[in-house]
Trainee: 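Take this structure first; my questions come after.
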Amino acid sequence: MATTEDRRETDSGIEVKPVYTEKDVAGLELELPGEFPYTRGPYPDMYRGRPWTIRQYAGFASAEETNVRFRYLLERGQHGLSVAFDLPTQLGYDSDDERAVGEVGRTGVAIDSLADMELLFDGIPLREVSTSMTINAPASLLLLLYELVGEQQGVPGERLRGTVQNDILKEYIARGNYIFPPRPSMRLTTDLFAYCAERLPSWNTISISGYHIREAGSTAVQELAFTLANGIAYCQAAVDAGLSPDDFGERLSFFFNAHNHFFQEVAKFRAARRLWARIMRERFGAENPKAQALRFHAQTGGSTLTAQQPENNIARVTVQALSAICGGAQSIHTNGFDEALALPTENSVRIALRTQQILAHEGGGTDTADPLGGAYFIEELTNELEQRARELIERVDELGGAVAAVEQGFVQSEIEQAAFAYTQQVEAGEKVIVGVNKYVEADSEEIELHRLDPEAERRQLERTARVRAERNADEAEAALEHVRETARGEANLLPPMREALRARCTVGEICNVLRDEFGMYDAQRA
């Protein structure tokens, strides 16, 4: 046992001993990768059979500018696309809504209608790429727009591949980009599950996200536990809606943060797979191995990036990406080193992309499955994270599950306390942040920053106005009324919403109909 003076621990309070031996993992028996409970990976040969997907997150200003960035990345070896949407789109407001002023295109691409989605993927063959969309409250609408663009390209729904985040619970917990109260939001989530089972069978219907939970200041244990607790809630809602866990379980995916403590992160990813496999088999009776095996995307930690000495972020991102590789991620995004200051430039995006390519081709990242499996430290950390996460999941269960725990503020409070404790440690110098509270330099070199085109918002507003002026007004109004009638009943909302989008109704118009019927969530009154 370490003394108080030399005690070291992870951000989850797990003590790190000076050395580990076989006594720490007595009786350890490792299954092979691809075998239940998938601790060592969901596939037998892992990256030797198929390397992880390099999926860089991108989106800013208008659809035209983002389309150029997509092409830039694909030409330089990126495998799949990942779309960032601006704040108004995430909240279901059109760009010309008074609440969108000053936010159009700032944190992602603005998508108001089918016209924008057509431009976003202009010249990009949807039959050949997979696309991830980070969108939650209006996730159904953005997926339907993508499907409609695919139809225009002659790509049937069964050939479309990708993921829509569609994880509304973590918005109430950590991110705040919700529209409706939790229970009607859960209806939209499960409606999307059922719709994709019928029309888009290769689409991942949800990316259950721990990333934003960690960004909000959680520990690794909290990220793991609250993410899987949310996953349990989605599975239960799907079962209650009459769906089979063996069917919808295949299309679930997860999204985790790759943070700074390399060894804890590797262990966290391994523990996540082991926990989820047992949850699916023991709680939901899933027998399909594909429904038991957790698959995940990882993104390096945005909150770990510093504005001070920003070049240091290249080293941080590399360490974090390597943890995701050693932990068995199915796809990875690496952040640009300048993202603590602005949207990434083409130069920083290229460095982030090349980081993954170097790890894959020069660093031995694709050579063997679970390269740290069997290491005493990694195995003990995996066990400890699994146990602590299971205990926290049990606390959520005692409160009535993830939705009830969110409604009672339990999850939010736990994360806030962890974030406060971490901030105190940094301010006291107990946690070293290189270039921030240690090895500080008075002057740092200026770096080039990305600048948004000030005309992009004007062009976006003009396009949305043109869509409204040129569409068949009667057809659009009838389509919106059909959405309203469906919202009042229990039928699946996606088919009428698809027809409304086809009739050139906007995302904001459809969300306004749903606001009228479902109401809006107010965290202060919840």
Side-chain angles (χ1 to χ4, degrees), residues 83 85 89 92 111 113-114 117 121 126-127 130-153 155-169 179-180 182-208 230-231 233-253 288 290-291 479-503 505-507 509-511 513-514 517-518:
V83 188
F85 297 96
T89 302
I111 299 294
S113 71
L114 183 56
M117 203 63 134
F121 292 102
L126 301 191
R127 185 185 298 270
S130 66
T131 302
S132 173
M133 294 187 283
T134 303
I135 194 73
N136 295 284
S140 301
L141 294 170
L142 275 299
L143 174 61
L144 292 168
L145 287 172
Y146 189 85
E147 182 190 19
L148 289 171
V149 172
E151 288 179 3
Q152 292 177 3
Q153 292 188 7
V155 184
E158 58 266 21
R159 294 296 302 272
L160 293 175
R161 296 179 297 112
T163 304
V164 65
Q165 192 162 97
N166 193 30
D167 177 8
I168 195 61
L169 288 178
I179 303 175
F180 317 113
R183 296 186 189 277
S185 294
M186 291 292 283
R187 172 187 172 183
L188 286 167
T189 297
T190 53
D191 279 359
L192 190 150
F193 285 4
Y195 181 87
C196 287
E198 180 180 343
R199 295 181 59 93
L200 285 79
S202 297
W203 195 267
N204 294 321
T205 54
I206 191 168
S207 178
I208 305 162
N230 287 350
Y234 292 124
C235 288
Q236 190 59 58
V239 168
D240 292 344
L243 304 178
S244 164
D246 281 323
D247 294 335
F248 71 74
E250 281 194 36
R251 306 320 314 170
L252 303 179
S253 65
N288 180 357
K290 292 182 179 180
L480 288 174
E481 188 58 31
H482 189 194
V483 172
R484 186 183 304 278
E485 292 170 0
T486 307
R488 290 172 177 169
E490 297 181 357
N492 194 308
L493 273 161
L494 271 73
M497 291 196 301
R498 183 185 66 232
E499 296 314 307
L501 292 167
R502 193 195 301 276
C505 296
T506 66
V507 169
E509 289 168 341
I510 297 171
C511 284
V513 168
L514 298 180
E517 299 305 318
F518 295 155

Trainee: With a 4.5 Å limit on heavy-atom distance, are the side chains of Val164 and Ile206 in contact?
Mentor: no
Trainee: Any side-chain donor paired with an acceptor under 3.5 Å for Thr163 and Asn204?
Mentor: yes
Trainee: How close do Met186 and Ala237 get, counting heavy atoms only, and between which atoms?
Mentor: CE-CB, 3.8 Å
Trainee: Other residues, nucleotides and ligands only: do more than 12 of their heavy atoms fall within 6.0 Å of CD on Glu481?
Mentor: yes
Trainee: If you measure from CG on Leu494 to CD on Glu147, what distance do you get to the nearest 0.5 Å?
Mentor: 8.5 Å
Trainee: For the side-chain contact (heavy atoms from CB on, under 4.5 Å) test, which of Thr486, Leu192, Asp191, Thr190 pairs with Asn492?
Mentor: Asp191
Trainee: Taking the side chain as every heavy atom from C-beta outward, state whether Cys196 and Leu143 have any atom pair closer than 4.5 Å.
Mentor: yes
Trainee: Please report the closest heavy-atom contact between Gly157 and Pro201, naming both atoms and the distance.
Mentor: O-CD, 4.3 Å
Trainee: I need the minimum non-hydrogen distance between Ala503 and Ala479, along with the two atoms involved.
Mentor: CB-CB, 4.3 Å
Trainee: Is any side-chain heavy atom of Glu158 closer than 4.5 Å to a side-chain heavy atom of Leu200?
Mentor: no
Trainee: Less than 4.5 Å apart, side chain to side chain, heavy atoms only: is that true for Leu252 and Cys235?
Mentor: yes
Trainee: Would you find more than 12 non-hydrogen atoms of other residues, nucleotides or ligands less than 6.0 Å from Arg159 atom CZ?
Mentor: no
Trainee: For the residue pair His482 and Glu499, establish whether any side-chain heavy-atom pair is separated by less than 4.5 Å.
Mentor: no
Trainee: Can you name the closest pair of heavy atoms from Leu480 and Cys505 and give their distance?
Mentor: CG-SG, 3.7 Å
Trainee: Evaluate Gln165 against Ile135 for side chain to side chain contact (heavy atoms under 4.5 Å, CB included), listing each step before the verdict.
Mentor: CA-CA 6 Å; Gln165 192 162 97; Ile135 194 73; 5.7 Å; no
Trainee: Using 4.0 Å as the upper bound for N to carboxylate O, is an ion pair formed by Glu485 and Arg488?
Mentor: no
Trainee: Does the Glu509 side chain pair with the main chain of Thr506, one donor and one acceptor, at a distance under 3.5 Å?
Mentor: yes
Trainee: Rounded to the nearest 0.5 Å, how far does CG of Leu148 lie from OG of Ser113?
Mentor: 11.0 Å
Trainee: Would the distance check show the side chain of Arg251 and the main-chain N or O of Trp203 forming a donor-acceptor pair, the cut-off being under 3.5 Å?
Mentor: yes
Trainee: Measure the OG-CD distance between Ser202 and Glu250 for me, rounded to the nearest 0.5 Å.
Mentor: 10.0 Å
Trainee: Asp167 side chain to Ile208 main-chain N or O, any donor-acceptor pair under 3.5 Å?
Mentor: no
Trainee: CG/Leu243 to CG/Asp247 distance, rounded to the nearest 0.5 angstrom?
Mentor: 8.5 Å
Trainee: Do Thr131 and Tyr146 have a side chain donor and acceptor closer than 3.5 Å?
Mentor: yes
Trainee: So, do Leu114 and Gln152 sit near enough that their side-chain heavy atoms are less than 4.5 Å apart?
Mentor: yes
Trainee: At what distance, to the nearest 0.5 angstrom, does CG of Leu126 lie from CZ of Arg161?
Mentor: 10.5 Å
Trainee: Determine the minimum heavy-atom distance between Ala137 and Leu188, stating which atoms define it.
Mentor: O-CD1, 4.3 Å
Trainee: Hey, are the side chains of Leu142 and Ile111 touching, using non-hydrogen atoms and a 4.5 Å cut-off?
Mentor: yes
Trainee: Ignoring hydrogens and geometry, is there a side-chain-to-backbone donor-acceptor pair from Arg498 to Leu493 under 3.5 Å?
Mentor: no
Trainee: Counting N and O atoms only, with roles assigned by atom type, does the side chain of Glu151 sit under 3.5 Å from a partner on the main chain of Pro156, one being a donor and the other an acceptor?
Mentor: no
Trainee: Looking only at atom types and distance, does a side-chain atom of Tyr234 sit under 3.5 Å from a main-chain N or O of Leu169, one as donor and one as acceptor?
Mentor: yes
Trainee: Just say parallel, tilted or perpendicular for the rings of Phe193 and Phe248, cut-offs at 30° and 60°.
Mentor: parallel
Trainee: Asn166: which residues meet the side chain to side chain donor-acceptor pair (under 3.5 Å) condition with it, sequence neighbours left out?
Mentor: none
Trainee: Closest approach of Phe518 and Pro184, non-hydrogen atoms and distance?
Mentor: CG-CB, 3.7 Å
Trainee: Side chains of Ile179 and Cys511: closer than 4.5 Å at any heavy-atom pair?
Mentor: yes
